[in-house]
*Asks:* 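Below are the structure tokens for one structure; questions will follow.
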2 protein chains.
Amino acid sequence: MRWSALPPVNTLLPFEATVRHASMTAAAQELHVTHGAVSRQVQNLERSLGISLFERQTRALRPTPQARQLAAVVRDALDQIDAAARQIAQRTPAGPLTLSCEPTLLMRWLIPRLPDLAVNVPDVAIHLSAGGGPVFFERDNIDLAIRRDDFPFPEEASRTRLFAERIGPVCRPDLATRLTGAAGVSQVALLHTDTRPKAWDDWRRITGMKAEPASQQTLEHFYLTLQAAAAGVGVAIAPYAVARDDLERGQLVAPFGFVPDGTSYHLLSRQSPEQDGRVRQLTAWLRDKTSQLENDSEPV
Amino acid sequence: MRWSALPPVNTLLPFEATVRHASMTAAAQELHVTHGAVSRQVQNLERSLGISLFERQTRALRPTPQARQLAAVVRDALDQIDAAARQIAQRTPAGPLTLSCEPTLLMRWLIPRLPDLAVNVPDVAIHLSAGGGPVFFERDNIDLAIRRDDFPFPEEASRTRLFAERIGPVCRPDLATRLTGAAGVSQVALLHTDTRPKAWDDWRRITGMKAEPASQQTLEHFYLTLQAAAAGVGVAIAPYAVARDDLERGQLVAPFGFVPDGTSYHLLSRQSPEQDGRVRQLTAWLRDKTSQLENDSEPV
DNA sequence: AAGACCTGTGAGTAGAATTCACGCATGCGA
DNA sequence: TCGCATGCGTGAATTCTACTCACAGGTCTT
């Protein structure tokens, strides 16, 4: 029997990631699993080798020298296999993948990240399509779609959960002080959208806060309300994902933070990711990028 | 995300073995699983890479050049990990492992294979102990035991199935012609043992054959009856495992072959194989060696 | 023509991996 | 000094993968 000392191979990835981050929680995030799963796999590996691979300090996890050494070997070995697989695997067939996405998320989240996509997934050409609601892969010639699970998904689609929806009021920084006063959001104009008319109601229901506005205004899309909010017209209610970059740049603030509304965004695909290397790569990239939306504790 | 092309790691071992043997069935035997399991894992890998890795000819399986290439890389990568693990893993603590085994199996199967054990599992010192029946790890200071499942095993023991018991009459080659005549085994002396007094009854029940002997003789152990049989005293009933080497050398023949009696041999161990590298190695070696007992179509 | 041999596959299952929810220890900020 | 946040371990429940079993289909052997 070859490889008599070979530990269980499924423990290697969690282990390597844990050493690299010196943290199980971080490794778990990278692998899109819970820290418990990583913890158990690392324990498996330790049990299999008969030695301890980490110094468990209360706050930090310190890989032992042996662990570093093993991790380096594993990293190297997996690199080789990865390279070989890449060389061998099906050459990406021609034709771009078409990805359908809600217009606002498209404009304020996905498009700004296209350069990153081009760098990290260079072989896959993407065609973007703004759209929402029910997905018809065949009819609309769509390969992938990002959708919120507020309607039933087609049975045959393969789905991957991306991130939880979190909504909250956003406005220009100088308006924020007025909002947090006793009168709350009632002081200023509320900005509504046609595409998600219930957004403010949802928020009121979830937070229990009142919002009797001085005036109201309805615009077609979230991204228009964001424009208006940034211009100081009033307060918009926005998903964290679409507001994120503006918050980071300081163009908007979210005085009340964001709250989950119970829905999540999913990636729907015609073929399962395993069947098509391009779909798999794109899925991996999206999962990676969106996981930060999940884990961000947003600036308040 | 690292390793974007990395296929599922658990598919790699079955794949590598399949390429090496150019056969799924052979790979399955090596890995102690069914060919179906290997088939599915290979399919997983192919699906993940998007290419076919074998030319399925009806009788033979021909790995494609890509498959050979990938398998070589995998082999190499696993070698590295194996070596690193070996270096790191707990240095074998002092003190031999004690293995308890039925006297006959010990003398006629295990002891002849000790040289092979010494070559393939050099780091593990073994202490052998002849014994049967219930296993008391603590009391008898036993680490491992090979036992037939004709009595309940201790609950806490970790068990690994080794091979199915098959029994059959054996005798000196020149006696065989007399046996296969109309009179059957009735012509010659039947050799019994104290340790398995029901063996002949079992065989009669299973095969439906008659065995009214001219005379009978009882000896203490199977290996004594085998001695007697080889000396031409009569016909002994023996497990295939203990008769195997004598059959191969031509000292005995089994004119009626061997039939499963429904029981199996198991390896019982105090610690689970994963917890102790020595136990794991020894278990692997035993599984490997005993699998041929399972798969042999014995010489008739 | 029958049987041996090898792989693929649908259905059912056992066991592994994962999640969930909680506990514990500690550092950190108010 | 007291919450509070952070990070890991873990029992129990759940989900899901890998496996087995039994059978089918094809071809080579005798």
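So that the names make sense, note that chain A is the first sequence line, chain B the second, and so on, each numbered from 1.
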*Asks:* Could you tell me which residues satisfy side-chain hydrogen bond (donor to acceptor under 3.5 Å, both in side chains) with B:R161, sequence neighbours excluded, listed by chain and number?
*Replies:*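 Checked B:R161 against side-chain hydrogen bond (donor to acceptor under 3.5 Å, both in side chains); matches are B:S264, B:E294.
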
*Asks:* To the nearest angstrom, how far is A:H21 atom NE2 from D:dC8 atom P?
*Replies:*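 In whole Å, D:dC8 P and A:H21 NE2 are 12 Å from each other.
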
*Asks:* With nearest nucleotides of DNA chain C determined for B:Q57 and A:N10 from heavy-atom distances, which residue corresponds to the more 5′ nucleotide?
*Replies:*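 The residue whose closest nucleotide sits nearer the 5' end is B:Q57.
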
*Asks:* Would you kindly check if the NZ (Lys) or CZ (Arg) of A:R270 is within the cone defined by 45 degrees around the ring axis of A:F137 and under 6.0 Å from the six-membered ring centre?
*Replies:*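 Verdict for A:F137: no cation-pi partner in A:R270.
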
*Asks:* Measure from CD on B:Q29 to C1' on C:dC6 and round the result to the nearest Å.
*Replies:*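 These atoms are roughly 12 Å apart.
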
*Asks:* Between C:dG8 atom P and B:F54 atom CZ, what is the distance in whole Å?
*Replies:*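 Nearest whole value for this atom pair: 9 Å.
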
*Asks:* Which whole-number value in Å describes the distance from B:L61 CG to C:dG8 P?
*Replies:*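 Roughly 7 Å, once rounded to whole Å.
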
*Asks:* I need a per-nucleotide contact map over nucleotides 24-30 of chain C, read 5' to 3'. Cutoff is protein heavy atoms under 4.0 Å; write B for the base, S for backbone only, - otherwise.
*Replies:* -BSS---

*Asks:* Would you kindly give the CZ-to-C1' distance between B:R161 and D:dT20, to the nearest whole Å?
*Replies:*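 After rounding, the gap between these two atoms is 13 Å.
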
*Asks:* Which whole-number value in Å describes the distance from A:R159 CZ to D:dC16 P?
*Replies:*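 Those two atoms, CZ and P, are 12 Å apart.
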
*Asks:* Once side-chain hydrogen bond (donor to acceptor under 3.5 Å, both in side chains) is applied, do any residues pair with B:R20, and if so which ones, sequence neighbours excluded?
*Replies:*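 Applying side-chain hydrogen bond (donor to acceptor under 3.5 Å, both in side chains) to B:R20 gives B:E16, B:E30.
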
*Asks:* Can you sort out the partners of A:H266 under ring pair (Phe, Tyr, Trp, His ring centres under 6.0 Å), two or more places apart, ordered by chain and number?
*Replies:*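 Expected list: A:F153.
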
*Asks:* Salt-bridged, B:D82 to B:R86, with N to O below 4.0 Å?
*Replies:*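 So B:D82 pairs with B:R86 through a salt bridge.
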
*Asks:* Go through residues 33-43 of chain A and report each residue with a non-hydrogen atom lying under 4.0 Å from DNA chain C, sorted by number.
*Replies:*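 DNA chain C contact set from residues 33-43 of chain A: A:V33, A:T34, A:G36, A:A37, A:R40, A:Q41.
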
*Asks:* Salt-bridge test for A:R40 and A:E46: reply yes if a basic N is under 4.0 Å from a carboxylate O, no otherwise.
*Replies:*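 Salt bridge absent between A:R40 and A:E46.
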
*Asks:* Want to settle it: does B:T25 or A:N44 sit nearer the 5' end of DNA chain C, counting the closest nucleotide to each?
*Replies:*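 Upstream on the strand: B:T25.
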
*Asks:* What residues form a side-chain hydrogen bond (donor to acceptor under 3.5 Å, both in side chains) with B:E165, not counting sequence neighbours?
*Replies:*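 Checked B:E165 against side-chain hydrogen bond (donor to acceptor under 3.5 Å, both in side chains); matches are B:R196, B:Y265.
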
*Asks:* Looking at B:R205 and B:D261, is any side-chain nitrogen of the basic one under 4.0 Å from a carboxylate oxygen of the acidic one?
*Replies:*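 Salt bridge flag = no for B:R205 with B:D261.
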
